Amino acid sequence: MRAGFIILTLLSTPALAAGDQELLQEQCGSCHSLSGPAPDSAQAYRDRKGPDLGYAGIKYRAEWLEQWLQKPIRNRPAGMFYGKHIKTGPKGDVVDEASLKPHPKLDAAAARAATNALMALKEGAERVKAGDYKTGTISLSMGEMLFDKFRGCLACHQVEPGYGGVSGPEVYTIGKRLQADYLVSFMRNPKIWEPKTIMPARKLKDRDLQKFVHYFNALAAEDFQ
Ligand code: HEC
Ligand code: HEC
């Protein structure tokens, strides 16, 4: 019995990988593109239901994915496209929470299977240079000065819950959520990843790109959330 069980387990490993891709297609494909290309018109960008996952394996950290899929907490305070989830209140525009639906949740086994399948998706890997990010540090106050005062990023990104703009993903979990070399590539040229993104291409200096990632790491260490 026992020997038979072990053989079965060994045999089932490669088959499981193919099955996991099917699981992604069935349970996630209705909202997420799993193979690109990114939306190439403003309309398609606004109507997209979830972030593209075709390059999940070069973008996300596996540990984060596995945990988040079991306990998803919104990273984009105003949903996928803020224009669809903002209403005007007495004090100006606010996020219309009632228009945002909770993300589907997976159990531990499904989250692990989905994570393995997602980490195998590496479309556009040539845009990321391994080792582009060089480890370093920056103080929270210097980081915030650069992010807010000098570069105006705070207008669209929250640096702690409730502080900052809502049209982009929050940046206080990025240090745990995303891979550093991907971040450098994305900030250097957001349009190669998202041709229709509302994030301005600012031709940031390499020194600043590095400092931003140091800053995201410092924020992540604060454990907001
Ligand atoms: C009903 C639509 C829908 C389905 C189905 C769905 N998602 Fe999502 N997903 C979203 C939306 C909308 C967001 C963006 C909200 C946010 O930032 O939290 C999102 C965000 C994510 C993120 C975080 C992205 C980031 O960059 O922060 C991951 C990872 C993810 N989904 C994976 C999955 C997986 C895996 C499945 C299938 C098991 C799935 N999703 C099914 C709509 C969906
Ligand atoms: C006008 C709004 C806007 C401004 C200003 C802006 N961003 Fe963004 N940013 C976005 C949006 C929106 C996204 C998500 C990509 C998309 O869906 O288009 C994003 C994505 C990102 C990401 C990837 C995060 C993720 O979770 O995928 C990083 C890193 C980032 N921005 C850094 C910056 C930095 C650094 C600055 C300042 C130099 C900046 N942003 C300025 C809107 C903005």
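As the structure lists them, so they are numbered: ligands from 1, and atoms in each ligand from 1. The figures that follow rest on heavy atoms only: side chains count, while hydrogens, waters and symmetry mates do not. Please read all numbers here as calculations on a predicted model, not as lab measurements.
For ligand 1, the polar-atom distance check finds an N/O of Tyr60 within less than 3.5 Å of one of the ligand's N/O atoms. The N/O atoms of Tyr45, backbone and side chain alike, include one that comes under 3.5 Å of an N/O atom in ligand 2. The shortest N/O to N/O separation between Arg76 and ligand 1 falls below 3.5 Å.
The nearest heavy-atom contact from the protein to atom 11 (C) of ligand 1 is Lys49 O, 3.6 Å.
Hydrophobic cluster of Met80: no remaining members, since no ILVMFWY side chain lies below 4.5 Å from it.
Note on ligand 1: Arg177 sits in its first shell, one or more heavy atoms being nearer than 4.0 Å.
Each protein N/O/S atom under 2.8 Å from atom 8 (Fe) of ligand 2 was counted, for a total of 2.
Only side-chain heavy atoms of Ile174 come within less than 4.0 Å of ligand 2; its backbone N, CA, C and O stay farther off. Contacts of Met80 with ligand 2, taken as heavy-atom pairs under 4.0 Å, are absent altogether. With a 4.0 Å cut-off on non-hydrogen atoms, Leu178 touches ligand 2 through its side chain and not its backbone.
Residue pairs meeting the salt bridge (charged side-chain N to carboxylate O under 4.0 Å, His left out) criterion with at least one member in residues 31-48, sequence neighbours excluded, are Asp47-Lys84, Arg48-Asp52, Arg48-Glu194.
Taking 4.5 Å as the limit, some side-chain heavy atom of Met199 sits within range of a side-chain heavy atom of Phe186.
If you number the atoms of ligand 2 from 1 as listed, the ones under 4.0 Å from a heavy atom of Ile198 come out as 1 (C), 12 (C). Near Ser167, with a cut-off below 4.0 Å to any heavy atom, the atoms of ligand 2 are 12 (C). Distances below 4.0 Å separate heavy atoms of Arg48 from the following atoms of ligand 2: 17 (O).
Relative to the six-membered ring of Trp193, Arg127 meets both conditions, a distance below 6.0 Å and an angle of at most 45° to the axis.
A salt bridge is defined here as a Lys NZ or Arg NE, NH1 or NH2 lying under 4.0 Å from an Asp or Glu carboxylate O, and Arg151 with Asp208 meets this definition. The residues Asp223 and Lys176 are annotated as salt-bridged, a charged nitrogen and a carboxylate oxygen being separated by less than 4.0 angstrom.
Closest approach of Gly175 and Asn217 over heavy atoms only: CA-OD1, 3.6 Å.
The distance cut-off of 2.8 Å around atom 8 (Fe) of ligand 1 captures these protein N, O or S atoms, sorted by chain and number: His32 NE2, His103 NE2.
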